[in-house]
Amino acid sequence: LGGFESTAGAFEANFGVRPEHYVMTNFEGFTRVIDSLGGIDVQIGEELYDSCDLPQRDGEGKCLVEPGELHMDGPTALWYVRSRASSSDYDRLRRAQEVLFAAFAKVMSVNGIMRLNEMREAYQDSVETDMGTREIARLLPVAVQVFREPERVQRFAITEEQAAPSWSWDGMWILLPDPDAIHGVLEQAGFFQ
């Protein structure tokens with residue numbers, strides 16, 4: 001609700017950081033992007049065994065992924081980031097970060113870089129962004145550095161340790177932020193120095 005401006009305002013009000021740009025896709029676009037890359041190699045952090053509607057499901061209608069590297073096609077990657085019956089929202093956040101990093105690594109490969117224009121055309125109907133070619137081009141040197149030194153990439157998340165459980169006015173379970181604890185995570189991530 002309220003589009004990117006509302007989301008950016010919420011980030012600024014809650015975390016003191018205002019996103020400058022966005023990239024957005026729907027589920028179909030997500031799977032199409034992953035498949036157009038030839039799939040991605042995801043470094044799985046923790047086992048996930050959950051309901052799925054994929055060809056590799058077992059007799060109970062569930063899929064299993066175990067820690068280690070796993071090549072995923074688009075539908076498998078979508079299931080992996082969205083699966084929620086046997087895990088938490090925090091685990092989904094970790095899995096989404098794993099998939100995004102794997103997709104980034106694939107795009108930054110020599111084959112991906114050589115196909116940037118082709119991919120931009122192919123994704124035009126699947127991906128929405130407020131960044132033009134000039135803004136994207138300015139990010140390439142940073143992207144190349146990250147690709148060359150992936151060990152420098154760190155992932156952070158706001159968890160229950162930085163919030164207090166509560167209930168919303170309509171009875172939904174929510175977390176109320178602890179601004180000091182969140183500020184500590186943002187400092188760790190390098191936002192405030």
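All of these numbers come straight from a predicted model, not from anything done at the bench. These values consider heavy atoms only, across backbone and side chains, with no hydrogens, waters or symmetry-generated copies.
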[X]: what forms a ring pair (Phe, Tyr, Trp, His ring centres under 6.0 Å) with it, not counting sequence neighbours?
X: His71; answer: none
X: Phe30; answer: none
X: Phe11; answer: Phe15

> Which pairs count as disulfide (SG to SG under 2.5 Å) when at least one residue sits in residues 61-94, sequence neighbours excluded?
Replying inline: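 Sorted pair list: Cys52-Cys63.
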
> How would you list, by chain and number, every residue that makes a salt bridge (charged side-chain N to carboxylate O under 4.0 Å, His left out) with Glu149, sequence neighbours excluded?
Replying inline: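 Glu149: salt bridge (charged side-chain N to carboxylate O under 4.0 Å, His left out) contacts with Arg152.
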
>> Please enumerate all residues that pass salt bridge (charged side-chain N to carboxylate O under 4.0 Å, His left out) together with Glu12, with sequence neighbours excluded.
In response: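 With neighbours one apart ignored, the set is Arg18.
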
>> Going by the rule side chain to side chain donor-acceptor pair (under 3.5 Å), which residues pair with Glu135 if we only count those two or more places apart in sequence or in a different chain?
In response: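 So Glu135 forms no side chain to side chain donor-acceptor pair (under 3.5 Å) with any residue.
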
Report yes or no: do [X] and [Y] belong to one cluster of Ile/Leu/Val/Met/Phe/Trp/Tyr joined by side chain heavy-atom distances under 4.5 Å?
X: Val23; Y: Val81; result: yes
X: Leu64; Y: Ile44; result: no
X: Ile158; Y: Leu186; result: yes

>> Any side-chain to backbone donor/acceptor pair from Ser36 onto Val33? Under 3.5 Å, distance only.
In response: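 Checked: pair present.
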
Enumerate, atom names and distances included, each donor-acceptor pair closer than 3.5 Å involving a side-chain atom of residues 96-105, sequence neighbours excluded.
{"from": "Gln97", "atom 1": "NE2", "to": "Phe156", "atom 2": "O", "distance (Å)": "3.2"}
{"from": "Glu98", "atom 1": "OE1", "to": "Tyr80", "atom 2": "OH", "distance (Å)": "2.5"}
{"from": "Glu98", "atom 1": "OE1", "to": "Arg94", "atom 2": "NH1", "distance (Å)": "3.3"}
{"from": "Glu98", "atom 1": "OE2", "to": "Gly45", "atom 2": "N", "distance (Å)": "2.9"}
{"from": "Glu98", "atom 1": "OE2", "to": "Arg94", "atom 2": "NH1", "distance (Å)": "2.5"}

> Is Tyr90 isolated, or which residues cluster with it under the ILVMFWY side-chain rule of less than 4.5 Å, directly or via members?
Replying inline: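 Listed partners: Trp167, Trp173, Leu175.
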
>> Under 4.5 Å side-chain heavy-atom separation, chaining through any Ile, Leu, Val, Met, Phe, Trp or Tyr, what else clusters with Tyr22? Say none if it is isolated.
In response: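 Joined to Tyr22, directly or through intermediates: Phe4, Met24.
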
Find the distance between [atom1] ([X]) and [atom2] ([Y]) and round it off to the nearest 0.5 Å.
X: Ser51; Y: Arg57; atom1: OG; atom2: CZ; answer: 11.0 Å
X: Asp41; Y: Glu69; atom1: CG; atom2: CD; answer: 4.5 Å
X: Asp89; Y: Thr159; atom1: CG; atom2: OG1; answer: 12.0 Å
X: Trp79; Y: Gln56; atom1: CH2; atom2: CD; answer: 7.5 Å

> In terms of side-chain geometry, is the basic nitrogen of Arg84 or Asp91 positioned less than 4.0 Å from the acidic oxygen of its partner?
Replying inline: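 Salt bridge flag = no for Asp91 with Arg84.
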
Can you give me the closest heavy-atom contact between [X] and [Y], atom names plus distance?
X: Asp35; Y: Pro75; result: OD2-CD, 3.8 Å
X: Ser86; Y: Asp50; result: N-OD2, 3.1 Å
X: Leu93; Y: Ala157; result: CD2-CB, 3.2 Å

4.5 Å side-chain heavy-atom contact, [X] and [Y]:
X: Asn14; Y: Ile182; result: no
X: Ile34; Y: Met72; result: no
X: Arg95; Y: Ser83; result: yes

> Checking side chain to side chain contact (heavy atoms under 4.5 Å, CB included) against Leu54, which of Asp73, Thr76, Leu78 comes through?
Replying inline: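 Only match with Leu54 under side chain to side chain contact (heavy atoms under 4.5 Å, CB included): Thr76.
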
>> Applying side chain to side chain contact (heavy atoms under 4.5 Å, CB included), can you list everything that pairs with Pro67, at least two apart in sequence or on another chain?
In response: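 Glu47.
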
> Is the number of heavy atoms from other residues, nucleotides or ligands within 6.0 Å of CD (Glu20) greater than 12?
Replying inline: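 Result for CD/Glu20: open.
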
> Can you list every pair that meets side-chain hydrogen bond (donor to acceptor under 3.5 Å, both in side chains) and has a residue in residues 176-186, with sequence neighbours left out?
Replying inline: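 Matches after skipping sequence neighbours: His183-Glu187.
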
